[in-house]
Amino acid sequence: MRIISGEFGGRPLKAVPGTATRPTTDKVKEAIFSMIGPYFEGGRSLDLYAGSGGLSIEGVSRGIDMAVLVDRQYAAVKTINDNIAMTKAPERFKVFKSTAESVIQQLTGQAPFDLLYFDPPYAKQTIVADLMNLTAANLIAKDALIVAETDQAADLPSDLPGFTFLKAKDYGITVVSLYQYDGGQA
């Protein structure tokens, strides 16, 4: 695993030890950023199931100003912090060891996010519920992009209230679905 492009491009990323997380492959990560970017002019990103932190670090490397990364596993948070240290720009990241629900409550009242990544454990598909909680907390900016990475069985709806379904693409067992938020703060 590595950072593919941008300011930190080419630097290696550590994977979380063990089998509890499933890192996004470089191929899928490149495809995601080809669909949504590939580069950004600022903004804030949120990853509620960050794993190794690779998607958020890639986003910051490509121009996102600030990334918030969340994972509930100690090994994942340690790996995220190790990978962030490699960037030599720790001020551009904030890491929480917590559940998605708890962090949404903690972040309520803060500036909304422009880019949101969802790659929860395949057995626990909470993407729709998380999006509704984030919407209720006013944490999604108008026109924000939502990137959801699931397996084939997840079957995310194309019709989500307040969101426009942009596209879905299969990469083996992985499906990447993109949405754009229609509501939120201007």
Side-chain angles (χ1 to χ4, degrees), residues 1 3-7 9 21-71 100-101 103-104 107 110-186:
M1 286 189 343
I3 300 171
I4 297 166
S5 187
E7 182 181 349
T21 63
R22 157 193 43 67
T24 301
T25 65
D26 285 353
K27 174 186 169 188
V28 172
K29 188 167 38 172
E30 179 63 34
I32 288 170
F33 284 94
S34 291
M35 287 190 276
I36 65 170
Y39 297 97
F40 306 95
E41 294 181 13
R44 289 168 41 91
S45 70
L46 173 66
D47 189 344
L48 291 176
Y49 306 92
S52 67
L55 286 173
S56 292
I57 294 169
E58 185 76 33
V60 170
S61 182
R62 292 171 182 252
I64 293 289
D65 290 325
M66 172 65 181
V68 174
L69 300 89
V70 181
D71 208 290
E101 284 179 348
V103 164
I104 290 169
L107 294 173
Q110 293 189 21
F113 294 94
D114 307 290
L115 176 59
L116 296 93
Y117 310 104
F118 290 92
D119 186 8
Y122 286 165
K124 297 181 181 179
Q125 287 304 327
T126 58
I127 294 170
V128 173
D130 290 336
L131 282 172
M132 296 305 114
N133 290 335
L134 287 160
T135 301
N138 292 317
L139 287 170
I140 307 177
K142 182 169 175 31
D143 299 326
L145 288 173
I146 313 319
V147 177
E149 189 177 331
T150 63
D151 65 0
Q152 300 280 346
D155 197 29
L156 283 177
S158 57
D159 186 23
L160 280 172
F163 296 85
T164 298
F165 175 75
L166 300 176
K167 68 169 105 174
K169 189 122 166 84
D170 292 10
Y171 298 93
I173 64 163
T174 302
V175 178
V176 175
S177 301
L178 297 180
Y179 297 86
Q180 187 164 32
Y181 187 50
D182 300 326
Q185 303 173 11

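Each residue takes its place number in the sequence, starting with 1.
- When all heavy atoms of L139 and L107 are compared, the closest pair comes out as CD2-O, 3.3 Å.
- For Y39, the side-chain hydrogen bond (donor to acceptor under 3.5 Å, both in side chains) criterion is met by S5, not counting sequence neighbours.
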F118 vs L156, side-chain contact (heavy atoms from CB on, under 4.5 Å): CA-CA, chis, key distance, verdict: CA-CA 12 Å; F118 290 92; L156 283 177; over 6 Å; no

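- Distance CD1/I57 to NZ/K29: 8.0 Å, rounded to 0.5 Å.
- Summarising the geometry, atom CD1 belonging to I32 is positioned 5.0 Å from atom CG belonging to L55; distances are rounded to the nearest 0.5 Å.
- By the 30° and 60° cut-offs, the orientation of the rings of F40 relative to F33 is perpendicular.
- In this structure, S56 and D47 approach most closely via the heavy-atom pair OG-CB, 3.4 Å.
- With sequence neighbours excluded, no residue forms a salt bridge (Lys or Arg N to Asp or Glu O under 4.0 Å) with D65.
- With hydrogens and angles ignored, the 3.5 Å screen pairs no side-chain donor or acceptor of N133 with any backbone N or O of A136.
- Residue I140 comes nearest to A144 through the heavy atom pair CG2-CB, 3.5 Å, listed as atom of the first residue, atom of the second, then distance.
- Under the side-chain hydrogen bond (donor to acceptor under 3.5 Å, both in side chains) criterion, E101 pairs with no residue, sequence neighbours left out.
- To the nearest 0.5 Å, atoms NZ (K142) and CD (Q180) are separated by 8.0 Å.
- The minimum heavy-atom distance between L116 and F113, with the atom names listed, is CD1-O, 3.9 Å.
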Chi angles and distances behind the side-chain contact (heavy atoms from CB on, under 4.5 Å) call for D114, L145: CA-CA 6 Å; D114 307 290; L145 288 173; over 6 Å; no

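- Between D26 and M1 the shortest heavy-atom distance is OD1-CA, 3.7 Å.
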Can you give each donor-acceptor pair under 3.5 Å made by side-chain atoms of residues 158-170, sequence neighbours left out, with the distance rounded to 0.1 Å?
residue : atom : partner : partner atom : Å
T164    : OG1  : D182    : OD1          : 2.8
T164    : OG1  : D182    : OD2          : 3.0
D170    : OD2  : Q152    : NE2          : 3.4

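- For D130, the side-chain hydrogen bond (donor to acceptor under 3.5 Å, both in side chains) partners at least two apart in sequence or on another chain are Y49, T126.
- Under the rule for a side-chain hydrogen bond (donor to acceptor under 3.5 Å, both in side chains), R44 has no partner lying at least two apart in sequence or in another chain.
- For residues 130-155, the set of pairs meeting the ring pair (Phe, Tyr, Trp, His ring centres under 6.0 Å) definition, not counting sequence neighbours, is empty.
- Partners of S61 according to the side chain to side chain contact (heavy atoms under 4.5 Å, CB included) rule, which considers only residues two or more places apart in sequence or in another chain, are I3, E7, F8.
- Listed here is the closest heavy atom pair of A148 and I127: CB-CD1, 3.8 Å.
- The CD1 atom of I64 sits 10.5 Å away from atom CD of E41, with the distance rounded to the nearest 0.5 Å.
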